[in-house]
Amino acid sequence: MKTVWIATGNPHKTEEFAAMLGDDVQVKTLKDLKEEPEITEDGTSFEENALIKARALHAIVHEPVMSDDSGLEVDALDKAPGIYSARFMGEDTDYTAKNNAILDAIKDKKGEERSARFVCAIAWIEEDGTEHVYRGTMEGYINDSIKGDHGFGYDPIFYYSPFGTTSADVDPEVKNSASHRHNALVQLEKDWSK
Ligand code: IMP
């Protein structure tokens with residue numbers, strides 16, 4: 001059976017990759033290593049950070065590796081928090097505070113000025129070291145208030161027009177079928193199944 005490593009300890013991300021790879025692939029993660037490597041995500045783009053994580057794991061396991069890096073870009077804030085989405089205002093700050101800070105920072109912006117997107121870069125390194133990177137996005141707007149109880153992170157302030165509401169205000173399956181991660185995974189899947 002083929003093994004693919006996912007450079008994450010996050011079970012939700014692992015599940016999404018495993019579903020795409022199917023039953024005949026054994027999925028392993030950082031949790032399956034004797035010791036988790038210290039990985040410094042010091043890239044300047046989602047793509048670089050995804051590759052940094054994948055390369056660090058590939059150097060240890062020498063088997064196929066996949067990883068992702070994602071975040072929210074708010075155009076009126078020069079694409080912040082961007083690659084710093086998880087670290088914005090501190091890793092331990094709750095998302096109600098982070099979301100309120102973004103709402104406050106762009107409170108004077110109207111309509112198109114509130115454009116934003118979720119971005120996900122996925123890296124895949126084959127066993128022989130061949131590298132691939134894919135980018136998926138979900139284009140939307142910053143809502144004028146926090147809305148919805150589903151999802152995580154910035155979902156309660158992310159208005160997605162096809163939903164007519166925020167990505168926290170729809171069932172998770174609905175959100176996942178349109179998400180930036182899904183859109184990047186679809187591209188990876190095409191190459192993977194070649
Ligand atoms: P990562 O785990 O390094 O990719 O960090 C992603 C961060 O971006 C998360 O901690 C969230 O703050 C944010 N983020 C990424 N994708 C989403 C999403 O689908 N909804 C809400 N927030 C997201």
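This chain uses plain numbering: 1 for the first residue, then up along the sequence. Remember, it's 1-based here, ligands and their atoms both numbered in the order they're listed.
- Within the 4.0 Å heavy-atom criterion, the part of F118 lying near ligand 1 is the side chain and not the backbone.
- Other residues, nucleotides and ligands contribute over 12 non-hydrogen atoms within 6.0 Å of the CG atom of D94.
- Proximity of M138 to ligand 1, defined as any heavy-atom pair under 4.0 Å, is not found for any part of the residue.
- A 4.5 Å side-chain heavy-atom check between Y154 and P81 finds at least one atom pair inside the cut-off.
- The distance criterion of under 3.5 Å between nitrogen or oxygen atoms is met by D155 with respect to ligand 1.
- Using a 4.5 Å heavy-atom cutoff, the side chains of S167 and K175 are in contact.
- Residues passing the side chain to side chain contact (heavy atoms under 4.5 Å, CB included) test with N183, sequence neighbours excluded: none.
- With rounding to the nearest 0.5 Å, the separation of CG in L185 from CE in M20 is 5.5 Å.
- Residue, atom and distance of the protein heavy atom nearest to atom 9 (C) of ligand 1 are Y95 OH, 3.9 Å.
- What sits closest to atom 3 (O) of ligand 1 on the protein, heavy atoms only, is D69 OD1, 3.3 Å.
- Note: an N/O pair closer than 3.5 Å links S70 and ligand 1 by distance alone.
- Partners of D128 according to the side chain to side chain donor-acceptor pair (under 3.5 Å) rule, which considers only residues two or more places apart in sequence or in another chain, are T130.
- Atoms of ligand 1 found under 4.0 Å from any heavy atom of K13, numbered from 1 in the order shown, are 1 (P), 2 (O), 4 (O).
- Protein heavy atom closest to atom 14 (N) of ligand 1, with residue, atom name and distance, is F152 CE1, 4.0 Å.
- Counting atoms of ligand 1 from 1 in the listed order, those under 4.0 Å from a heavy atom of K175 are 18 (C), 19 (O), 20 (N).
- Protein heavy atom nearest atom 22 (N) of ligand 1, with residue, atom name and distance: Y154 N, 3.1 Å.
- F152 has its ring centre no less than 6.0 Å from the ring centre of Y95.
- Rounded to the nearest 0.5 Å, atoms OG (S115) and CD (E139) are 8.0 Å apart.
- When each atom of ligand 1 is checked for a heavy atom of G71 under 4.0 Å away, the hits are 8 (O), 15 (C).
- Counting protein heavy atoms only, atom 16 (N) of ligand 1 is closest to H180 NE2, 3.0 Å.
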